[in-house]
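Everything below concerns the one structure shown next.
By convention here, the first residue in the shown sequence is residue 1.
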Amino acid sequence: MVFTSLGIVLPAYNEESRLGPALDELVGYLRSAPEGEMPGRVDILVVDDGSTDGTAELVRARPEYFPDGAAANVAAQTPSLRLMSIPHGGKGSAVRAGMLIAEGELLVFADADMATPPDQLPRLVAALATADVALGSRIQPDGSDMRASQPRFRRLVGRLFRYAAQLWVTGPIRDTQCGFKGFRRDAARDLFGRLRITSIVFDADMIYIARRRGYRLAVVPVAWADRRGSRMCARPRLAVRVGWDLVRVRFVHGRIGRLGEAASIETTRRP
């Protein structure tokens, strides 16, 4: 299946120092990608999550920037950049807002620091030829985990969360929190329209809905680097919020009707 357009959503909260280099990397890749590797039209949407620094001004000053509604006039093979500003509500709120208005047959959200480099985008695009949802995973086919570079305490907290999430809502998916996921547009609109948890647990909520709805899921091993500068700190208060939100996932949706047969899970292996 050949896709002609792709929307990339970048949630950003006070990312003035990291967003510029990340956009340079992303736009540079999109302009130099071999023909046929990526859809011909790419729309980048930065969702400014109530930043108090110069994040929004940085986006507006970029040469790729087009005001809302003008991106459709950009020539093929030239990525366009748009900005959406919302009140601060956290990463889940920013991703949900962006995925509900982003343009493209395929929609991807990625971390604003490009922790997963843009040359991994074709892996999601390829997986979406046969899947509805492509989940980037930092766990490689040989079993190695790219999160090993994270601080020890954060790895421990992440491991506890993963075990709890697998038992309660996400099933066999081992890396729910990778900030690099792709969707067919209809699936994205459906899933994010139903999303109820917008804290950092939003990924698990989305996966739970996708499994209940019967979407085809693909787990896609991707490259990833631990970029310093994250404002997420594993503190007791955050742990309590995460635990509470994880428990709530199965109770906030009511009945979720299925699209068809149960979702399958496949792993796309790297060449």
Is the backbone N or O of G7 less than 3.5 Å from a side-chain atom of E105, with the two atoms forming a donor-acceptor pair by type?
-> no

Walk me through it: do E15 and L58 pass the test side chain to side chain contact (heavy atoms under 4.5 Å, CB included)?
-> CA-CA 9 Å; E15 290 287 359; L58 182 150; over 6 Å; no

CA sep, side-chain torsions, deciding dist, call: L19, T55, side chain to side chain contact (heavy atoms under 4.5 Å, CB included) | CA-CA 8 Å; L19 185 58; T55 295; 3.9 Å; yes

Which heavy atom in R211 sits nearest to a heavy atom in R258, and how many Å separate them?
-> O-NH1, 3.3 Å

Can I get a per-line list of side-chain donor-acceptor pairs under 3.5 Å for residues 92-99, giving both atom names and the distance, sequence neighbours left out?
from: S93; atom 1: OG; to: G89; atom 2: O; distance (Å): 3.2
from: R96; atom 1: NH1; to: L195; atom 2: O; distance (Å): 3.4

Side-chain donor or acceptor of R18 paired with backbone N/O of A112 under 3.5 Å = no

Would you check if the side chain of R41 reaches a backbone N or O of T4 as a donor-acceptor pair within less than 3.5 Å?
-> no

If only atom types and distance count, is the side chain of Q177 paired as donor or acceptor with the main-chain N or O of D175 below 3.5 Å?
-> no

Between the side chain of Q120 and the main-chain N/O of A223, is any donor-acceptor distance below 3.5 Å?
-> yes

So, E37 and Y29: side-chain donor and acceptor under 3.5 Å apart, yes or no?
-> yes

Might you work through the side chain to side chain contact (heavy atoms under 4.5 Å, CB included) test for I207 and L135, ending with a clear yes or no?
-> CA-CA 9 Å; I207 292 169; L135 307 173; 4.2 Å; yes

Before giving the answer on side chain to side chain contact (heavy atoms under 4.5 Å, CB included), spell out for L246 and I197 the whole-Å C-alpha distance, their side-chain angles and the decisive distance to 0.1 Å.
-> CA-CA 9 Å; L246 188 59; I197 307 295; over 6 Å; no

F183/Y215 aromatic ring centres below 6.0 Å = no

Less than 4.0 Å between a side-chain N and a carboxylate O, is that true for R248 and D245?
-> yes

Salt bridge between R250 and D205, side-chain N to carboxylate O under 4.0 Å?
-> no

Could you tell me which non-hydrogen atom of R184 sits nearest to which non-hydrogen atom of A131, and how far apart they are?
-> NE-O, 3.1 Å

In terms of heavy-atom contacts, G182 and L124 come closest through N-CD1, 3.8 Å

Correct closest heavy-atom pair for G54 and E16 would be N-OE1, 3.1 Å

Is it true that a side-chain atom of D48 and a backbone atom of S51 form a donor plus acceptor pair closer than 3.5 Å?
-> yes

If we ignore angles and hydrogens, is there a donor and acceptor under 3.5 Å between the side chains of E103 and S5?
-> no

Could you check D111 against K91 for salt bridge (Lys or Arg N to Asp or Glu O under 4.0 Å), going step by step and ending with a plain yes or no?
-> CA-CA 10 Å; D111 289 333; K91 183 179 179 181; 2.7 Å; yes

Salt bridge present between D203 and K181 (N-O < 4.0 angstrom) | yes

When you measure from the side chain of R123 to the backbone N and O of G136, does any donor-acceptor pair fall under 3.5 Å?
-> no

